[in-house]
> 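Below: one structure in structure tokens.
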Amino acid sequence: PVQTETKVFSTAGCSTDSIQQARCVLAQTEGVLETQESADHRGLAVTSVPSLVSVERLVDVMSCLVPDAHEGPSSRSSSGVEAVKMRIEGMVCLSCTTTIEGKIGKLKGIEKIKVSLESQEAAVLYLPCVITVDKIVNQIEVAGFKAIVKSKPRQLKLSASEVERLLSAHKQEEKVSEPCTDSSITTVFQVTGMHCKSCVVNIQDNISKLPGVSSVVVSLENRQATIQHNPKQASVVELQKAIEALPPGDFKAILPASPEPGFLQPLVSVAEIHIEGMTCGSCVQSIEGMISQKKGVRSALVSLASHQGTFEYDPLVTTTEELRAAVEDMGFDAFLPGNMIIASKKKKADKSVKSPKNENSVKPSDAEPATNTISKCFIQIGGMTCASCVANIERNLKNEHGVHSVLVALMAGKAEVRYSPSIIDPQRIAEFIRELGFTAAVMEDCDGSDGTLELVVRGMTCASCVHKIESNLMKQKGILYASVALATNKAHIRYDPEVTGPRDVIRWIENLGFTASLVKKDRPGSHLDHSREIRQWKRSFLISLFFCVPVMGMMIYMIIDREKYHSTMFLEKQLLPGLSIMNLISFLFCVPVQFIGGRYFYGQAYKAVKHRTANMDVLIVLATTIAFTYSVVILLVAMVEGAKVNPITFFDTPPMLFVFISLGRWLEQIAKSKTSEALSKLMSLQATEATVVTLNDDMSVLSEEQVDVELVQRGDVVKVVPGGKFPVDGRVIEGHSMADESLITGEAMPVTKKPGSTVIAGSINQNGSLLIKATHVGTDTTLSQIVKLVEEAQTSKAPIQQFADKISGYFVPFIVGVSFLTLVAWILIGFVNFPLVEKYFPGYDKSISEAEAVIRFAFQASITVLCIACPCSLGLATPTAVMVGTGVGAQNGILIKGGEPLEMAHKIQSVVFDKTGTITYGAPKVVQVKMLAEGNRMSRSKLLAIVGTAENNSEHPLGAAITKYCKQELATESLGTCTDFQAVPGCGIRCLVSNTEHLSESCESAMLGFAVSAVVQTSSFTVLIGNREWMRRNALQVRAEVDEAMTEHEKRGHTAVLVAVDNELCAMVAIADTVKPEAELAVHTLTAMGLEVVLMTGDNSKTARAIAAQVGIRKVFAEVLPSHKVAKVEQLQLEGKRVAMVGDGVNDSPALAMADVGIAIGMGTDVAIEAADVVLIRNDLLDVVGSIDLSKKTVKRIRINFVFALIYNLVGIPIAAGVFMPVGLVLQPWMGSAAMAASSVSVVLSSLLLKCYTKPSAEKLERRLGEVRRHGSLSEVSVHIGMGELRRPSPKLSLLDRFVNYS
């Protein structure tokens, strides 16, 4: 027996005609057996077969014809306020929720709204008498999101009274049940306002129920409704009214041409409107759909390729200006042909409009030019975290009246807005942006509005050529200024990038018969190039070394028992009276060092003195110049006098000083040069050429042209092939692909690109060809912004003033003062008590006068003071310790670039870690394989063999991770055969797998311990691997418990994929970027050292929180851009903290450069390694602790070195000055040199003790921490989105707190 069921529908308040109409329609519905009045006469009892007709269908029919028969599932409160819950698709960050709440909260009739990002739902309290659910849904869609009502309120269809009104003319004459006779006719209506299939069904269902209508066919594509009807029962006019009365009330039915003489054919004019801002076919459809609904418009045809709209309209009903305004109200830029040529001085006569009506309509616009002027402003925006924020701002601003176009640059945090000043002003636009939950400020003087161009022009011969180029360029649209110089063959041009670009300018010049090309600019960061300084100090060191070695050899030779062999030494023999071989050779070797090797020191010392400061250079120059000058003078005097005893000279001082100091300077410059390499590495990421294409009306490619990337203009369509780099920032207009955007986000997962998606310059297109429309070119691209950030960070970082320089600042004047005092004191003593001088003056020649002997002795004493105070050991104190420290670091896997980071690391107070590739491995790994099929149907080893083979062909990082895991588990490198491989970006893969039996067998036999000898028949499997959506598309149901397990993994920041073999779900594979094992110990050790540890990542907050809790970090900044990372580091520095940044990606490089100490992971990108001060070669996070520890030890050693250096000076200076002469303690000049050498040697030996340093091991750190370590919970982690403090809640939001869990 067939199962039937009876439902009773209430008919309270409905007319008899209405009930009769309902019964008629039910009688014609398939599956309805009987309709009769209920026993209590208050309803209609409908008996039906449930297998043929659903309850929903019956409810639909009854709610359509008997409105009060059914109550919808939305909850109604006593106050008339209703609640509705919606699912919202397309939200990606907090900015999306802020936008929806702000937009919908402003609508009349909305009491409260609460949007949840996690559950992707919105709960709304509204007044149904003021606003409908459809209106709310539409407004959410206008904001750019898709809303699906979960708890639907009652649908508003045609009411009984409306049906009665439509039928009133015929109710008396004909019965409803009367069949259509052969006198029916066919009428074709043009119907506008249809958007989707539900509109088609709405018209077909409701119109087919009208009496006299035998069939209704509605075409969405042609926008037509073909109705077969009896004109006596349903006239054409009645049908037209019936279609237009259907909800939502947006349909417009255009009557077919009437043959009645009462109607004259309306006037038809054609308007051509230039439209800018269209990006895809959807823009074209929305303009055509909206304008064709406008009163008086007959047809609308829009071409995307030519940016042109052709509209047929009735000039008696509407005007071209109204049509143009209507297009602009939709968020596009629209220009009438007359207004397109505002820049040129004369308008062409042939562009005049044909009909007289149009001529009249042009005049008012000429009389009032102010209404058509478009201004441009720039607004600085804070708080943007991702591309969705950009899309929200652009979309919502375009909907504001008076705003023509919006272009937002995410990295620069800047919006370029074109608006009508008569309608809106920049402050109001900034206010709109603030309402969306961002910070906004109008930029007063922004020079980013005009493009500048410098060209080399060849072929000019005289001033008339110059005039010809300038005058012709100034006539072109978009050229603001042109200046050509004949002497230099250069042209300087300023242009409006909205209108024209460099390629057009070059073409115009070439059309005049000249050749033009771009001036090749120096690469960014050329001012940071240290190659000249490196060459200069290297040359200085090598010259000094070459001449210093013999001098030092002679000095050592002379020190050996000087008194014993003094007169018999070969070097002491005199060539001329007063000139020994030793002094002559020393002089010859000293001259080149003094004047060639030391010339750079003279330059630096002169600059320091000019600025009234005294540094190391001043002291070195002073000591060497006085020593050299004194030695030359004393030698000349001895030769003139024909002295028998050779004078004591100081020719050994300059070479020794210059060797040590120039070596230190050379090494310092090499370290500094690494900074500019970071920028050249960054620039190498940029594509050098772009393929610019010209499109036909149907989006087919007409021509392709390879151009220099500098010549790509805003608005150009660029083709990017698989594996190619995106040359500029832009929007995809055609094609589907995946893009590797780790450049910006640092995350390894590729991003799906489809029409409408934004792309970033420098990122890599993976597997599909794309056509993109350029939105940001030249210096506005994201990559250029990163370069700019790195450059600014490197130039703004103040170098640490060397400790030696600091000491020299006080030491130099002090030593010069002591030296001068010694000179004066001994002159006075000599004249008062000459025998004292005579007693201690070695080699005093009786032939010279007493006065001369006194002055000579005084000079010798003061020079000895300068010599012993020579800053050689001071200069060596830092470089030697740094050289040994960096060498020891390198042996321990820590590469430190120079002294600055080594000195700074011990002062660090905050350590900021990047997540991907730093705390985690940066590559996905399989963390769980959950079997969903029974073991006897599909063994684990068999499944792994199939899955590994299927993913072996995939280029996706997740696929590579799965294959790697399967190979490890099966202990094999060779897998089965995969054919018919198909990858769908954003969904998954499908393929055919065979030859996997030997893999699963060998694995099973290995586990069982014996060989399986049975011959297995080779079979093939159809494999599907992907997300839930991929399974649904392939008609596979995902069970609730599986969905729950996937959700659990997703909460922890993992990616879960499903595996189906031969249309049966077999497994769920969870993949995640795993944490490095030493990360937790490193974080806890740094925390125990009293440092603040922060995690900063471009990844989502969910994943960031999970990772932070795992390693013990309490403070997290998620979804941050490279510029945010820099700003955060700067913010910490402004709080007075010394900051270390640990990262590995291109996106970390600006922050690495800005931080006091940038630490890069050795496995990271070249750019990050170049921008950092410290590189951890072994990819081990404990080396962060090691580098800080090594810095502490090195700084301690530097301080000990300074003590050694100063002891010699503090003890030696008084002795050299002759303070202890009365007690017989005299320091001869050669002893001064020896003391200087001894101090240098002791400093070097002290530094070499650093060689004994050992890095703290993991075991040692574990013991030191003891029981302090413990895992953090998720609740202890504070997560800030983007810049945290820069975000603020929307001022217009009214949040619903109690209704969140309404269902």
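Only heavy atoms go into these numbers, but all of them, side chains included; no hydrogens, no water, no symmetry mates.
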> List the residues meeting salt bridge (Lys or Arg N to Asp or Glu O under 4.0 Å) with E734, not counting sequence neighbours, and say none if there are none.
none
> Using side-chain heavy atoms (C-beta onward) and a distance below 4.5 Å, is M91 in contact with I100?
yes
> As an exercise, state the distance from CD1 of I136 to CD1 of I113, rounded to the nearest 0.5 Å.
8.0 Å
> Answer yes or no: is there a side-chain heavy-atom contact under 4.5 Å between V751 and M738?
no
> Of all the heavy-atom pairs spanning L397 and V403, show the shortest one and how long it is.
O-CB, 3.4 Å
> Would you call E416 and R714 a salt bridge, taking side-chain N to carboxylate O under 4.0 Å as the test?
yes
> For D1144, does its backbone N or O pair with a side-chain atom of D1148 as donor and acceptor, under 3.5 Å?
yes
> Who are the side chain to side chain donor-acceptor pair (under 3.5 Å) partners of T775, not counting sequence neighbours?
none
> Does K753 reach the main-chain N or O of T758 with its side chain, forming a donor-acceptor pair under 3.5 Å?
yes
> I'd like to know if the side chain of R418 reaches the main chain of K376, judged simply by a donor and an acceptor atom lying under 3.5 Å from each other, with no hydrogens or angles considered.
no
> Which atoms form the tightest heavy-atom contact between M1141 and A1155, and what is the distance?
CB-CB, 3.6 Å
> I need the R1138 CZ to Q909 CD distance, nearest 0.5 Å.
7.5 Å
> Do T1097 and F1117 have side chains that get closer than 4.5 Å, going by heavy atoms?
no
> Taking T920 for the side chain and K915 for the main chain, is one N or O donor matched with an acceptor at less than 3.5 Å?
yes
> Between the main-chain N or O of V115 and the side-chain N or O of E101, is there a donor-acceptor pair closer than 3.5 Å?
yes
> In plain terms, say whether R428 and E431 are close enough for a salt bridge, that is, a side-chain N and a carboxylate O under 4.0 Å apart.
no
> With distance as the sole criterion, is a donor-acceptor pair present between the side chains of N765 and S737 under 3.5 Å?
yes
> Minimum heavy-atom separation for P727 and A761, please, with both atom names.
O-CB, 3.7 Å
> D729 side chain to T781 main-chain N or O, any donor-acceptor pair under 3.5 Å?
no
> Hey, is the main chain of A440 close enough, under 3.5 Å, to the side chain of R434 for a donor-acceptor pair?
yes
> One pair to check against side chain to side chain contact (heavy atoms under 4.5 Å, CB included): I429 and C377. What are the steps and the verdict?
CA-CA 10 Å; I429 295 168; C377 69; 4.3 Å; yes
> Using salt bridge (Lys or Arg N to Asp or Glu O under 4.0 Å) as the criterion, list what pairs up with K1137, not counting sequence neighbours.
E1092, E1135
> Enter the distance from L1095:CG to T918:OG1 here, rounded to the nearest 0.5 Å.
9.0 Å
> Considering only heavy atoms from C-beta outward, does the side chain of V1120 approach that of K1128 to under 4.5 Å?
no
> Could you go through the side chain to side chain contact (heavy atoms under 4.5 Å, CB included) check for V142 and N396 one step at a time?
CA-CA 8 Å; V142 165; N396 286 292; over 6 Å; no
> Taking C-beta and beyond as the side chain, do Y419 and P426 meet within less than 4.5 Å on heavy atoms?
yes
> Give the minimum heavy-atom separation between A1151 and K1125, together with the two atoms involved.
CB-CB, 3.8 Å
> One pair to check against side chain to side chain contact (heavy atoms under 4.5 Å, CB included): I148 and E89. What are the steps and the verdict?
CA-CA 8 Å; I148 301 152; E89 293 176 2; 3.4 Å; yes
> Answer whether the closest heavy-atom distance between the side chains of R324 and V327 falls below 4.5 Å.
no
> Do you know the tightest heavy-atom contact between I110 and I104?
CG1-O, 3.4 Å
> Might you confirm whether atom NZ of K398 has over 12 heavy atoms from other residues, nucleotides or ligands at distances under 6.0 Å?
yes
> When rounded to the nearest 0.5 angstrom, what distance separates OG in S757 from CD1 in I733?
12.5 Å
> Give a yes or no answer on whether the side chain of D716 reaches the backbone of V718 with a donor-acceptor pair at less than 3.5 Å.
no
> Working to the nearest 0.5 Å, report the span between CD1 of I393 and CD1 of I379.
10.0 Å
> Looking only at heavy atoms, what is the nearest atom pair of A739 and F726, with distance?
CB-CE1, 3.9 Å
> Any side-chain to backbone donor/acceptor pair from S420 onto I423? Under 3.5 Å, distance only.
no
> CG of L127 to CD of E111: how many Å apart, nearest 0.5 Å?
4.5 Å
> Inspect the contact between K85 and E121 and indicate whether a charged nitrogen and a carboxylate oxygen are less than 4.0 angstrom apart.
yes
> Under the side chain to side chain contact (heavy atoms under 4.5 Å, CB included) criterion, do K414 and I381 qualify, and how do the steps go?
CA-CA 6 Å; K414 192 170 76 175; I381 302 172; over 6 Å; no
> For L117, does its backbone N or O pair with a side-chain atom of Q120 as donor and acceptor, under 3.5 Å?
yes
> Does any non-hydrogen side-chain atom of D333 lie less than 4.5 Å from one of I275?
no
> Find out whether V911 and V1142 are in side-chain contact, i.e. whether some heavy atom of one side chain is under 4.5 Å from a heavy atom of the other.
yes
